[in-house]
There are 2 protein chains.
Amino acid sequence: MTKKDKLKIVPLGGVNEIGKNMTMIEYKNEIIVIDCGLMFPEEEMFGIDVVIPDVSYLIKNKDKVKGIFLTHGHEDHIGGLPYILKQLNVPVYGTRLTLGIVETRLKDHGLLTTSDLRVVTAGDIVELDTMKVEFIRNCHSIADSCSLAIHTNLGTIVHTGDFKIDYTPIDGATMDLARFAELGKKGVLLLLADSTNVERPGYTMSERVVGETFDNIFQEATGRIIVATFASNVHRIQQIINSACKFNRKLAVSGRSVENIVEVAYALGYLDIPEGLLISIDDINRYNDKQIVILTTGSQGEPMSALARMSTSEHKKVEIKEGDLVIISATPIPGNEKLISRVINQLFKKGANVYYQSLADVHVSGHACQEELKLIHTLTRPKYFMPVHGEFRHLKQHAFLAEKLGMDRSNIFIAEIGQVLEITKDGAKLNGNIPAGQVLVDGLGVGDVGNIVLRDRKHLSQDGILTVVVTIDRSNGKILAGPDIISRGFVYVRESEDLIEEAKKLVKKAIDECLSNQITEWATIKSNIRDILRDFLYEKTKRKPMILPIIMEI
Amino acid sequence: MTKKDKLKIVPLGGVNEIGKNMTMIEYKNEIIVIDCGLMFPEEEMFGIDVVIPDVSYLIKNKDKVKGIFLTHGHEDHIGGLPYILKQLNVPVYGTRLTLGIVETRLKDHGLLTTSDLRVVTAGDIVELDTMKVEFIRNCHSIADSCSLAIHTNLGTIVHTGDFKIDYTPIDGATMDLARFAELGKKGVLLLLADSTNVERPGYTMSERVVGETFDNIFQEATGRIIVATFASNVHRIQQIINSACKFNRKLAVSGRSVENIVEVAYALGYLDIPEGLLISIDDINRYNDKQIVILTTGSQGEPMSALARMSTSEHKKVEIKEGDLVIISATPIPGNEKLISRVINQLFKKGANVYYQSLADVHVSGHACQEELKLIHTLTRPKYFMPVHGEFRHLKQHAFLAEKLGMDRSNIFIAEIGQVLEITKDGAKLNGNIPAGQVLVDGLGVGDVGNIVLRDRKHLSQDGILTVVVTIDRSNGKILAGPDIISRGFVYVRESEDLIEEAKKLVKKAIDECLSNQITEWATIKSNIRDILRDFLYEKTKRKPMILPIIMEI
């Protein structure tokens, strides 16, 4: 170690936002990447499918990148892989279940055979030249989840990943708090910690309480039971299995993502499914209603999900009926409240009874609340702290929490995406930025939809478009055909023929005036048409459709 | 009263939805209307400004309609008036504050002089031929709010309106529970009751607890205090005034809606503002920061609101700075979570400290929770019950609650918008429908945006539009100009010139093929162009823009 050795820590996603978690650590000639998530588009990202981190810095420094280290298998930690491995094919390290889920994603993108997936177990240490990456067992709303410790000769960085402290986890694998304590005792240089639930006082309840609720609900149910949950929550699925067994019900699974997970998790030994419990969704009608549990997707009200389709009679195998009991074992991700509410309403209308979080303890969070965060801070006693995984409000509250625990404000760093936290022997500071941000994925296009396209989509969504076409004789500037006006998303034409007729006259007049004034530049004529129509339409309708003048020359 | 006399109760809005509350009661030759609200558009109602109830039945029976009776002055109870009074100019009854707010709305629409507003006081009874409409004091998150009792010789209908039971309201005017009890004792035929908070156990806290929180926060504050709340919550504003006085701060008001309300409420005596407390927003810099409170709008994160503009330095008079303390004294209306979060993040980034509901008791609901609902049911002991003001899930839970209190399931009616509850001497039943539903308002257009326009706007918002223009010689079917392709919201053209060039060739080929096959109907040619381009673009981009072929003939 020389005096000049610099450790650079850069969030490439997951700060000032919920989603697309990704952190880069650079030391000497090596770079490691922690997680590679995606984010679902914000409301104003019209037509966008997913959003991934901008990794141009990594691509530019390809040779340095030694691997991507995954903390767990949630989309916001692994979902960017299929896009990013195409540009940056480096080893991917993760636990068995995590990589099992990654495999299903890579298969969908035809990348499975070319990818280098390396399975680790909690406790394993991956040794690089300048860094050692240690996987530490934690608890989260998915099995086989880990925190990471990155050991360098400048000190140790602890990245919690997503976590909660569950003293009674379903699989018995409690968080390795002793290791956190040991690291703390030896000295932690920097802590990066999950801020998702920092606004919530107290503790997150154990996953086990949900099982108790299930048992109570199953006990009372007289018809079919349908449970929707996050597909990846293997512990939750295990508890549904347990309750089904206890009350002598068969389990059928419907919904692509949960079918995949059940298959992967069972194959890898993360689910304990007794012989004979599982039946095909095709066979549910061969049993009494009170012998049936259906595990399904759609806990976020996604319109194309199995549960949503069941609720609107569009599901091929299951139709909701009087006497069904539906459990929505999830909490709405912000932005999904209305979608979920719509499904709940629809289920009630079909005659089902519905349990959801405002009515019963059918869900617990996977993230640590304030007291749990305090424990991790207290055990690791880091020199420096960077809150991650949260919007600015969460990062700020997490910084407050660290201060209250006695940390010096100057040792706490709230970074933006791309901002470099530089640590040397002498201290730490935020020092500059690397290229970073978001890349929008729309269909096959990765990054080709930019602000202009999004702005146009927004404009179109508000008031539609009016296309004005006219064919003009190049030789004498006379109108040969048109002007024709075709509108979409503006007004329904049959109801506004007069308006369109009047608009045509105005366009004709505008063109004639231009030409008689010797204005022959199409750009000027188009701009005149646009101005005149915009004013006219706004006066008549108080709407501002996009106006697209097209002049054809012959 | 003859055996045939029928009382018809029809929700025209506010059931199976949150918003645009409106209920119609018809008896013999008279109709009365309770409330006349608006709703803000759902996410998929692209470009729509507001949604109002369809009142075609009322217009058809204009002569029968004796008046609109308002329970209180919230938008979802009065906001439809400016649109509906234009078609149905009947007397409007309400308390002083309610009509004071209505006046500001009617003024904006130039309807004030032609409207017939009739002020009532809680306790008043408006006598019609066949019905008597009694206003009964209740409590809600706006002052001067009432429930209604409609007396007919078939029995009495009680409509709670929006309410909560606050034993210590700010203005001292507690809900007239004695009157509810008295009506119950005499016999209530039908209860219609607010279902908004039926999913919440226990009681809604008194408005007064918010004042205590304000005092605690004000005590600690060392800089400016900025409070955003619902403009119409006069009690909340009074408490802000009280805390400002107590801690020797001046109050400035910013934001059109709250400026209006403060003016109206003060003029009508609903706000007690000590001499010298109020200062102009222009003068805030003439005081020390710790002498200032700013009351403002934007508690729902509305992007154009005063608070949002302060947070992004777009407000002309106030810029958020280090040391400011912002209180968001409201709870997110479902769907607004992300907007609010964005403002909170921005405020923190500017260096303010922010209090919001997840951190402190800075807001209480205006609606009754389960125990309050039980009290009203128990006091009124209605023969029949119709839950109102809620989505289906809420109406259903409210029905469960009534059943648990001993009501017979067959006496509970969950109606849809337009569904007629018919009550005679012999019984009650849901019997048919009247024309009803929603009317979309977009700019000056009331009801002219229908499903086709909305579907087009949605399509445009997802993948944009590709306009294909070609000019053809009518005499020989030859292409004279084009095909030209102009796209908006699809891809940024400069980055996809090859794609567009290839598309043009395909279009040209399609047209030539049609013409050489003697296909000369433009509709067929257009449809061919559309099919070919759609398949081509989907294959190349996995996107499905709207395709608009235009053929000009010369």
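Here the structure is a predicted model, which is why all the values come from computation and not from measurement. To find a chain, count down the sequence lines: A is the first, B the second, and so on, and within it residues start at 1.
Checked by atom type and distance alone, the side chain of B/Arg457 pairs as donor or acceptor with a backbone atom of A/Gln462 at under 3.5 Å.
Heavy atoms closer than 4.5 Å to chain A are found nowhere in B/Asp49, neither backbone nor side chain. Looking at B/Asp473, there are no atoms closer than 4.5 Å to chain A (heavy atoms on both sides), in backbone or side chain. Interface residue B/Glu553: only backbone heavy atoms are found under 4.5 Å from chain A. Interface remark: B/Lys540 contributes backbone atoms only to the contact with chain A (heavy atom separation under 4.5 Å). Only the side chain of B/Met546 comes within contact range of chain A, with heavy atoms under 4.5 Å apart. Interface residue B/Tyr356: only side-chain heavy atoms are found under 4.5 Å from chain A.
Note on B/Lys349, B/Lys338, B/His394: by heavy-atom pairs under 4.5 Å with chain A, the leading option is B/Lys349. Put simply, of B/Ser341, B/Ala481, B/Gly464, the one with the most heavy-atom pairs under 4.5 Å next to chain A is B/Ser341.
Taking a cutoff of 4.0 Å between a charged side-chain nitrogen and a carboxylate oxygen, A/Arg342 and B/Glu44 qualify as a salt bridge.
Here the rule is side chain to side chain contact (heavy atoms under 4.5 Å, CB included) with A/Thr467, and of B/Ile486, B/Val469, B/Leu548 only B/Leu548 fits it. B/Asn345 pairs with exactly one of A/Glu17, A/Arg393, A/Glu391 by the side chain to side chain donor-acceptor pair (under 3.5 Å) rule, that one being A/Glu391.
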